[in-house]
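Note sheet for the following structure.
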Amino acid sequence: MSMEKIVSLCKQRGFLFQSSEIYGGLQGFWDYGPLGVELKRNVKEAWWREMVNCHDDMSTLPGAPTPYAMEGLDCTIIMHPQVWKCSGHYDLFHDYMVDCKETKKRYRHDQLNGRWVQAKGRKAFITAPAGDDEVELIQKHALKHFGLRNKNIDDLVYDGDVICLTEVDDLSQVVGPDTKAIGSLTEPREFNLMFKTFVGALSGEEGTAFLRPETAQGIFVNFKNVLDSTRHRLPLGIAQIGKSFRNEITPRNFTFRSREFEQMEIEFFCHPDQSQDWYTFWRDRRLDWYHTYGISEDRLIMREHAQDELAHYSIGTADIEYAFPFMAEGEFGELEGISHRGDFDLRSHMEGKLDENTNPLELQLGEDGKPKWKGSGKDLSYRDDLSGEKYIPHVIEPSAGADRATLAFICEAYHEDQQPDENGKMQSRTVMKFHPRLAPIKAAVFPLVKKDGMPEVAKKIYLDLKKRFKVFYDEKGAVGRRYRRQDETGTPYCITVDGQTLEDQTVTIRDRDTLQQQRIKIEEIAAVIQERLDR
RNA sequence: GCGGGUGUAGCUCAGUGGCUAGAGCGUCACGUUGCCAACGUGAAUGUCGACGGUUCGAAUCCGUUCACCCGCUCCA
């Protein structure tokens with residue numbers, strides 16, 4: 001399955017366009033066309049419907065420890081700047097990078113260590129990637145730089161201990177980690193992964209704010225509000241769908257890595273003792289969701305992160321990954337991450353930014369020994385009225401990308417098959433086999449021919465159906481051609497008015513995948529479509 | 001950010017310094033047909049990615065830039 005064909009169909013049929021295309025496009029930004037917007041709305045609606053509105057909070061779902069409540073939320077894109085300091089995004093997303101002009105490699109400024117070394121009457125700051133073996137690496141590298149052999153190791157005179165590159169002001173005296181040349185590193189440049197903007201008329205540090213890089217934090221800071229206003233007991237899930245922004249260095253692969261994207265996130269708050277079970281529950285439930293909507297099992301994998309990839313407080317993180325056609329054989333791209341976040345987020349917003357490398361979690365301190373980022377000071381713990389127990393809930397976070405899911409459904413739907421034409425000769429057909437609930441258009445209505453009163457009947461059926469479903473009317477050209485056009489947009493059902501309709505008030509309903517036609521009464525059409533969408 | 005490739009009609013692409021820039025598919029109209037990409041006739045559609053340069057003359061050569069694809073790099 002080639003990605004080019006899928007991209008081409010998306011453009012041609014109106015699923016996806018490049019943003020600002022007439023001006024040459026903008027890297028990492030994509031627009032949804034008439035069909036794309038319907039598809040994406042359906043993806044989000046399917047998620048919201050199953051996770052939130054149709055959630056059964058009276059029963060214990062398969063694999064769940066207990067029943068639980070679900071609520072929705074819609075927060076602003078711009079939030080108080082302190083939110084991002086306590087969440088860790090501010091520190092994490094403000095990387096300074098240096099480039100090596102010789103090797104074209106890029107390093108994080110704070111992840112290169114080095115030492116001042118003198119030899120042969122010269123002095124240089126020799127660097128190596130920070131790590132356990134940095135002292136040996138620096139020594140080896142220094143020998144190379146000064147053109148010395150191992151036996152002359154005593155000629156190297158160290159001036160001071162290993163320090164971070166950030167403490168060196170003059171980069172012209174620095175030797176990059178993968179080169180012999182001195183002064184090949186550029187000045188550190190800031191890579192702002194969060195989009196910056198200004199609140200208020202004055203543009204200065206005072207009013208600096210950020211476009212959210214994830215929707216999750218809006219849920220954490222509103223946790224208490226939702227709890228207080230709904231009278232729910234834990235466990236409670238809070239869901240949100242919304243835009244997020246990340247200034248990706250290399251947007252690539254169609255909409256897969258975009259700078260503006262939409263997330264579908266749940267923060268699930270539960271008792272710490274049950275968090276392991278809930279983690280397992282959500283991991284399996286979310287995987288099933290993709291299967292329900294037609295992603296085949298062999299193109300979807302669950303990848304559990306290894307223990308050393310996890311933050312210390314986390315029991316587990318699993319990615320649901322899809323074999324996108326633009327990825328190499330055997331490689332997968334992330335659709336959704338399900339992580340156990342412990343009480344890291346709520347406590348950080350209470351006490352101040354915690355250090356994720358500590359266990360148990362401790363407040364991260366600045367150079368002055370005070371908290372690096374102050375929290376809100378508000379009590380975000382939960383008191384169980386029945387048991388009287390008071391605790392800070394643990395959080396399970398299933399975080400899905402709406403655009404990535406939509407792209408996966410597009411890729412999965414794309415099929416080329418062989419179907420007979422009117423002479424019985426096999427012709428190739430492009431068909432988008434969307435799950436009927438996701439399909440942008442649910443049904444098309446055709447008069448078999450544009451005469452004998454058929455268009456009039458068909459138009460009336462069309463207008464009736466339009467009140468309940470996204471439907472499409474077409475009377476132009478041969479009916480076979482109209483069927484094929486609907487196949488290409490993924491319309492699951494075609495309703496055709498023919499000669500017999502005028503006699504007995506029946507039409508045919510054609511199935512996109514089997515091409516089978518069934519004769520049904522006009523008054524039953526809506527019910528038949530609804531029944532097929534529901535099953 | 002680096003290296004390589006690409007950019008011409010809605011889509012796929014041809015066109016290597018010289019007439020008004022082409023094909024297939026698609027789109028539209030009319031006629032004919034009447035259940036799975038029919039046929040005939042006719043029509044519309046291009047800042048040749050953008051900017052600048054060389055030239056009597058540039059889609060074509062040169063420079064810059066933007067976007068996409070591939071490989072590095074990066075990736076909460």
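Each chain gets a letter, A, B and so on, in the order its sequence line appears, and its residues count up from 1. Everything numeric here is computed off the predicted structure, so don't read it as measured data.
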Specify the separation, in whole Å, of atom CG of A:D417 and atom C1' of B:rA37. 13 Å
B:rG3 versus B:rG63 - spacing of their P atoms, nearest Å: 14 Å
Which whole number of Å gives the distance between the P atom of B:rC11 and that of B:rG46? 13 Å
What does B:rC19 pair with, Watson-Crick or G-U, if both distances are under 3.5 Å? none
Quantified in whole Å, what is the C1' atom distance between nucleotide B:rG18 and nucleotide B:rG49? 24 Å
Side chain of A:A478 only, please: which of B:rC11, B:rA38, B:rA37 is the nearest? B:rA38
Rounded to whole Å, the CG-P distance (A:D452 to B:rU33) equals 11 Å
Counting Watson-Crick and G-U wobble pairs only, both distances under 3.5 Å, name the nucleotide matched with B:rG57, or none. none
Categorize A:G477 for me: base, sugar-phosphate, or nothing, with a 4.0 angstrom heavy-atom threshold over every strand shown. base
Of all the heavy-atom pairs spanning A:C164 and A:N113, show the shortest one and how long it is. CA-OD1, 3.3 Å
Within residues 499-513 of chain A or reaching into it, pairs that qualify as salt bridge (Lys or Arg N to Asp or Glu O under 4.0 Å) - sequence neighbours excluded: A:D487-A:R510
Could you give the distance separating B:rC28 and B:rA44 at their P atoms, to the nearest angstrom? 16 Å
Which base, if any, makes a Watson-Crick or G-U wobble pair with B:rU45, both distances under 3.5 Å? none
With A:R404 as the cation and A:F256 as the aromatic partner, state whether NZ or CZ is under 6.0 Å from the six-membered ring centre and within 45° of the axis. yes
So does A:Q27 reach the base of B:rC68 with its side chain, donor to acceptor, closer than 3.5 Å? no
Sorted by chain and residue number, the side-chain hydrogen bond (donor to acceptor under 3.5 Å, both in side chains) partners of A:Q486 (sequence neighbours excluded) come out as A:T491
Under 4.0 Å between a side-chain nitrogen and a carboxylate oxygen: does that hold for A:E475 and A:K451? no
Which whole number of Å gives the distance between the P atom of B:rA23 and that of B:rU64? 36 Å
For B:rG26 versus B:rC68, give the span between their P atoms, rounded off to a whole number of Å. 30 Å
Straight-line distance of A:E262 CD to A:K44 NZ, nearest 0.5 Å: 3.5 Å
With a cut-off of less than 4.0 Å, is there a side-chain N or O of A:N247 near OP1 or OP2 of B:rC75? no
Take the protein atom CG of A:L448 and the nucleotide atom C1' of B:rG34, then report the distance between them rounded to whole Å. 6 Å
Measuring only the C1' atom in each nucleotide, how far is B:rU8 from B:rU47? A whole number of Å is fine. 12 Å
Checking contacts here: which listed nucleotide (B:rG34, B:rC11, B:rC36) is nearest the side-chain heavy atoms of A:K11? B:rC11
Between NZ of A:K476 and P of B:rU33 the distance, given in whole Å, is 21 Å
Spatial distance of atom CH2 (A:W47) from atom CH2 (A:W289) [nearest 0.5 Å]: 9.0 Å
Separation of B:rC72 atom P from A:N253 atom CG, nearest Å, is 12 Å
5' priority, RNA chain B, between A:G499 and A:Q18 [closest heavy atom]: A:G499
How many Å lie between CD on A:E21 and P on B:rA67, as a whole number? 13 Å
Using Watson-Crick or G-U wobble geometry with both distances under 3.5 Å, which nucleotide pairs with B:rA50? B:rU64
Modelled atom types, side-chain donor and acceptor of A:D345 and A:S348, under 3.5 Å: no
Less than 4.0 Å between a side-chain N and a carboxylate O, is that true for A:R429 and A:D417? yes
Given that both distances must come in under 3.5 Å, which nucleotide forms a Watson-Crick or G-U wobble pair with B:rG40? B:rC30
How many Å lie between CD1 on A:I22 and P on B:rC66, as a whole number? 19 Å
So if I take every side-chain heavy atom of A:E488 and compare against B:rG34, B:rA37, B:rC36, which nucleotide ends up nearest? B:rA37
Can A:K85 be said to sit on top of A:Y90's aromatic six-ring, NZ or CZ under 6.0 Å from centre and within 45° of the ring axis? yes
Integer-rounded Å distance: B:rA37 P and A:R429 CZ: 11 Å
Which part of the nucleic acid does A:K451 contact within heavy-atom distance under 4.0 Å: base, sugar-phosphate only, or nothing? base
Pick base, sugar-phosphate or nothing for A:F254, based on heavy-atom distances below 4.0 Å to the nucleic acid. sugar-phosphate
Give me the distances for all protein-to-nucleotides 22-27 of chain B N/O pairs that come in under 3.5 Å?
from	atom 1	to	atom 2	distance (Å)
B:rG26	OP1	A:R481	NH2	3.2
B:rU27	OP1	A:R485	NH1	2.0
B:rU27	OP2	A:R481	NH2	2.8

Under 3.5 Å on both distances, the Watson-Crick or G-U partner of B:rC72: B:rG1
Determine the contact category for A:T430: base if any of its heavy atoms lies under 4.0 Å from a base atom, sugar-phosphate if only primed atoms, P, OP1 or OP2 are that close, otherwise nothing. base
Pairwise 5' ranking along RNA chain B for A:F326 and A:D498, keeping only the more 5' one: A:D498
Spacing of the P atoms in B:rG31 and B:rC36 (rounded, Å): 23 Å
